[in-house]
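As structure tokens, the structure follows; a few thoughts come after it.
Worth knowing before you read on, the calculation uses all heavy atoms, side chains too, and leaves out hydrogens, waters and symmetry mates. Order of the sequence lines sets the chain letters (A, B, ...), proteins ahead of strands, with each chain counted from 1. Keep in mind the model is a prediction, meaning the values are calculated, not measured.
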Amino acid sequence: MNRKAITFIGALLITISAVSMAFAFGGGNARKGKFLYRKNCRSCHGKTASDLSPASMVQADWKATFEDVSKIPCNKDWQGLPEKDINDIFTYLHDYAKDSPTPAKCS
Amino acid sequence: MTINKLPRALGALFVSFMLLAAMPLMASAGESKSFKKFPEIVDYKFVAKYAKVPRPAKSLIIDSRPYKPKYVAGFVPSAVSIPASQFDKMTDQLPKNKSTLLIFYCGGLKCPLSHKSAFKARELGYTNVKVYAKGFPDWKKNALYHSIGLETLKAKMEAGENYMLVDARPLKKFLDGAIPSAISIPERQFSEKRGMLPADKANTEVIYYCGGFKCPLSHKSAIKARYLGYKNVVVAEAGYPGWKELYGVGAGVQAQAGEMEGSIDTEQFLTVLKGNPDQFLFIDVRSPEEYAAGHFPPAINIPVDDLEKRIDEIPTDKPIVFSCASGARAGEAYYMFKDMRPDVKEVFYLEATNEFTEDNQYTVTPNK
């Protein structure tokens, strides 16, 4: 493995750990999250991937799922997404979860 | 007046004297040719009987000076603007009944415009034509107040001048929509609420308005304010209807943002919806079925799922407001629109929970 690759992986690891460290998700903009979810995720979810929506999980599961985004199977498909946007998406999914006060009824 | 203002005031007075002294000279230099005077001249007392709102039957006062800057800056109450230069084009503004009393005026004894128009009116067959030869300067000297055009009000607003704008209509009308910066002192509560008028009776200009050219409330209030000692009182006669027509409801007030990013203030949403729905483009982003079961009367339907492909058909000449049932899809639509058409600035959504009945009645509850 050449040095460049090592540096790259190193940087990647740092980024990932930084991201997961800073991961106090929540309190984002659920309205924007709904749009960002449509824009970045709906291209697969509901078509080629599971029809994932806020009501797919309870709030605790959303938290657990987003605890470590790198473990989400499709994470590489949305690598470039800023953390702020991910937080907005999380907020949307979490705040309208199946057991939330205002579960999302329709898309 | 405070002592330290005195020298300045004296200075101003002195300058005015100088101007006054110089004026006849300038005038005679400029207008050496005298013009043909209309034979039937009337004075202030005569005109005052007709300068009333609502306008006394079978009479019309006509301002022959140019609309801008003269008429808008100040005119005899109830007078209409028919500039002498436009007279031939504007004869349709004259009353049908040729025996109607027509009083023409312009900028005073040196001004030929009213005489010119009066002759023309007589040629057209009007039988009761008069000229108020001393014109507007004389009116200002004698009358309690005069009227101004909304253009002048707007200019004062923009210049941040020292005025107080008073809406003389009933409170309910005021709440449904008013000229920006106005306070509400309904004519009927003039005495109870006179404490709201400015403390400085000499310098602060009090501008009244109400429901347009036929509305007497602002005129009544203006006269009362003069009797209270206010020196500088005018009426913006075109009132709120004129303002809406000229500047729209948003002029001076932008759509006010609500608490959430991109959301519109719910109060303002309702005010515009009820009072001036043409001022916004209302887009309901719920499904066609939901829309069919009841919606805001002026709203068009573009389901959020169709928004992306229909985004270019949305006109952007007025502020756009998205709404749905809970705010969720409207918010989504807002961000989608912003994302796809970042050039458009005036876009909002309603962060509220809305219920509709089939006859398009609605309840709007702002989300906390």
Side-chain angles (χ1 to χ4, degrees), chain A residues 25-59 61-63 66 77-107, chain B residues 257-264 266 269 283-293 301-311 320-342 344 347-356 365-368:
Chain A
F25 270 158
N29 183 335
R31 301 291 186 237
K32 191 170 190 183
K34 186 166 159 63
F35 159 67
L36 291 170
Y37 183 73
R38 177 193 290 267
K39 186 180 180 188
N40 298 293
C41 320
R42 274 277 169 207
S43 47
C44 299
H45 288 281
K47 295 194 179 105
T48 56
S50 58
D51 191 3
L52 200 66
S53 80
S56 307
M57 297 190 199
V58 292
Q59 291 192 324
D61 290 342
W62 282 122
K63 274 196 192 125
F66 276 80
D77 292 314
W78 36 277
Q79 279 292 301
L81 210 59
E83 193 182 327
K84 193 173 166 300
D85 289 2
I86 300 176
N87 189 31
D88 288 343
I89 293 174
F90 165 77
T91 307
Y92 159 64
L93 294 169
H94 171 270
D95 288 6
Y96 292 89
K98 202 155 58 177
D99 61 338
S100 73
T102 47
K105 287 166 226 92
C106 33
S107 67
Chain B
E259 252 171 60
M260 289 282 288
E261 178 190 16
S263 69
I264 184 170
T266 313
F269 175 87
I283 304 181
D284 188 329
V285 296
R286 297 172 306 155
S287 68
E289 298 74 35
E290 289 171 278
Y291 178 83
N301 184 217
I302 304 182
V304 66
D305 289 332
D306 300 346
L307 187 60
E308 191 172 341
K309 54 178 190 287
R310 292 176 60 184
I311 203 117
I320 298 167
V321 184
F322 293 108
S323 71
C324 61
S326 71
R329 282 170 288 176
E332 184 182 10
Y334 163 80
Y335 284 106
M336 187 187 293
F337 192 90
K338 281 292 210 192
D339 189 58
M340 297 183 70
R341 299 188 64 178
V344 182
V347 188
F348 302 88
Y349 79 96
L350 182 63
E351 180 64 62
T353 304
N354 315 310
E355 279 163 32
F356 302 92
T365 318
N367 296 336
K368 293 175 272 30

Self-check item: Lys/Arg N to Asp/Glu carboxylate O, B:Glu332 vs A:Arg38, below 4.0 Å
Solution: yes

Sequence neighbours excluded, the answer for ring pair (Phe, Tyr, Trp, His ring centres under 6.0 Å) partners of B:Phe269 is B:Phe282, B:Phe296

Turns out that what part of B:Ser287 lies under 4.5 Å from chain A's heavy atoms comes down to neither

The interface call for B:Tyr349 against chain A, heavy-atom contacts under 4.5 Å, is side chain

Applying a strict 4.5 Å limit to non-hydrogen atoms, the region of B:Glu308 in contact with chain A is neither

dist A:Lys32:NZ -> B:Met336:CE (nearest 0.5 Å) comes out at 13.5 Å

So, the part of A:Lys39 with a heavy atom under 4.5 Å from chain B: the answer is side chain

